[in-house]
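Report on one structure; see the data block that follows.
Atoms within a ligand are numbered from 1 in the order they appear, just like the ligands themselves. If you're wondering where the values come from, they're calculated on a predicted model, not measured in any experiment.
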Amino acid sequence: MRRKLAAGNWKMNGGGAELTEVEALLATHTNPKVDVLLCPPATLLHRMGQTIGNSAIATGGQDCHQNENGAHTGDISAAMVADAGARFVLTGHSERRTDHGESDACIRDKTRAAWDAGLTAVVCIGETLAQREAQNTLDILIGQLAGSIPDNATGENLVVAYEPVWAIGTGKVASLDQIGEVHDFIRMRLERRFGEGVGRSVRILYGGSVKPDNASDIFDVSNVDGALVGGASLKAADFGAIISALEASI
Ligand code: PGA
């Protein structure tokens, strides 16, 4: 069975002072019944790992370069993310796709680089509002799934995060029907491409304005294996409540 996963994406938020939130989270969720992941800014990865110590919470990077090393000022490689103690890395977040013009091909290369460094990649996909209104959602997702995920995916090296772009940071959550339709569809596409065994073992997260008050309903939707949480992952009380909701859904 797929283990549920609550993942927090701090984006460009947080410095040393905010590690108190991690301490608070550890105090209330010492032994979570689900996997818990925090993706802080790169500058905080190592220190957050030290704060977490041997507890059950994992850390992840928010991005990695597709190359192993070289003249890429300002970038960090997947091996560097792993060296900072991370076990996961996000690839293809819509803010990377938009702010940095990352294409599916680029995200595929980053995902492969993550695997080469021994990291689990959380590959993010999702349609814009215009694409949804034009009823192109499933076609867009077919393209992103095929383009952003390399061959040889497994339940260990891959997590897929479905994040409708229009729901990220907007307070607008996709309806439960919309989430269910897309998650079932992603599961079907993963099974078709990687075979039933692998396709069924890959976790599919929902992301986009997940909060303590809507998490339980979202976690009841079929093929939702957890959430990728932005804003609400910054505060231990909110993220802790989301973790508790995920535990209660088991
Ligand atoms: P949000 O962000 O929860 O603040 O909407 C989600 C994400 O971008 O991962």
Decide salt bridge (charged side-chain N to carboxylate O under 4.0 Å, His left out) for E102 and R97; before the verdict, give the C-alpha distance in whole Å, the side-chain angles of both, and the deciding distance to 0.1 Å.
-> CA-CA 4 Å; E102 291 187 5; R97 291 179 187 259; over 6 Å; no

Would one find an N or O of G230, backbone or side chain, under 3.5 Å from an N or O of ligand 1?
-> yes

Quick one: which of R3, R200, R187 gives a salt bridge (charged side-chain N to carboxylate O under 4.0 Å, His left out) with D225?
-> R187

Is there a nitrogen or oxygen of E95 sitting under 3.5 Å from a nitrogen or oxygen of ligand 1?
-> no

Name of the residue among T137, I186, L138 meeting side chain to side chain contact (heavy atoms under 4.5 Å, CB included) with E181 = L138

Just heavy atoms, cut-off under 4.0 Å: does N9 contact ligand 1 by side chain, backbone, both, or neither?
-> side chain

Would you say K211 and ligand 1 have an N/O pair spaced under 3.5 Å apart?
-> no

Under a heavy-atom criterion of less than 4.0 Å, does G207 contact ligand 1?
-> no

Euclidean distance, I52 CD1 relative to I57 CD1, rounded to 0.5 Å | 5.5 Å

Counting each atom of ligand 1 from 1 as listed, which ones have a heavy atom of G231 under 4.0 Å away?
-> 1 (P), 3 (O), 4 (O)

Lys/Arg-Asp/Glu bridge criterion (N-O < 4.0 Å) met for E127, R132 = yes

Backbone N or O of A130 within a donor-acceptor pair of the E133 side chain at under 3.5 Å?
-> no

Of all the heavy atoms in G208, does at least one lie under 4.0 Å from an atom in ligand 1?
-> yes

Per-atom contacts, ligand 1 versus H93 - under 4.0 Å to a heavy atom | 7 (C), 8 (O), 9 (O)

Does ligand 1 have an atom that lies less than 4.0 angstrom from a heavy atom of A167?
-> yes

Do NZ/NE/NH1/NH2 and the carboxylate oxygens of K110 and D63 come within less than 4.0 Å?
-> yes

First locate atom OH of Y206, then atom CG of N214, and finally report the distance between them rounded to the nearest 0.5 Å.
-> 8.0 Å

Report, in ascending order of atom number, the atoms of ligand 1 lying under 4.0 Å from any heavy atom of E163.
-> 6 (C), 7 (C), 8 (O), 9 (O)

Which atoms of ligand 1 have any heavy atom of G169 under 4.0 Å away?
-> 1 (P), 4 (O), 5 (O)

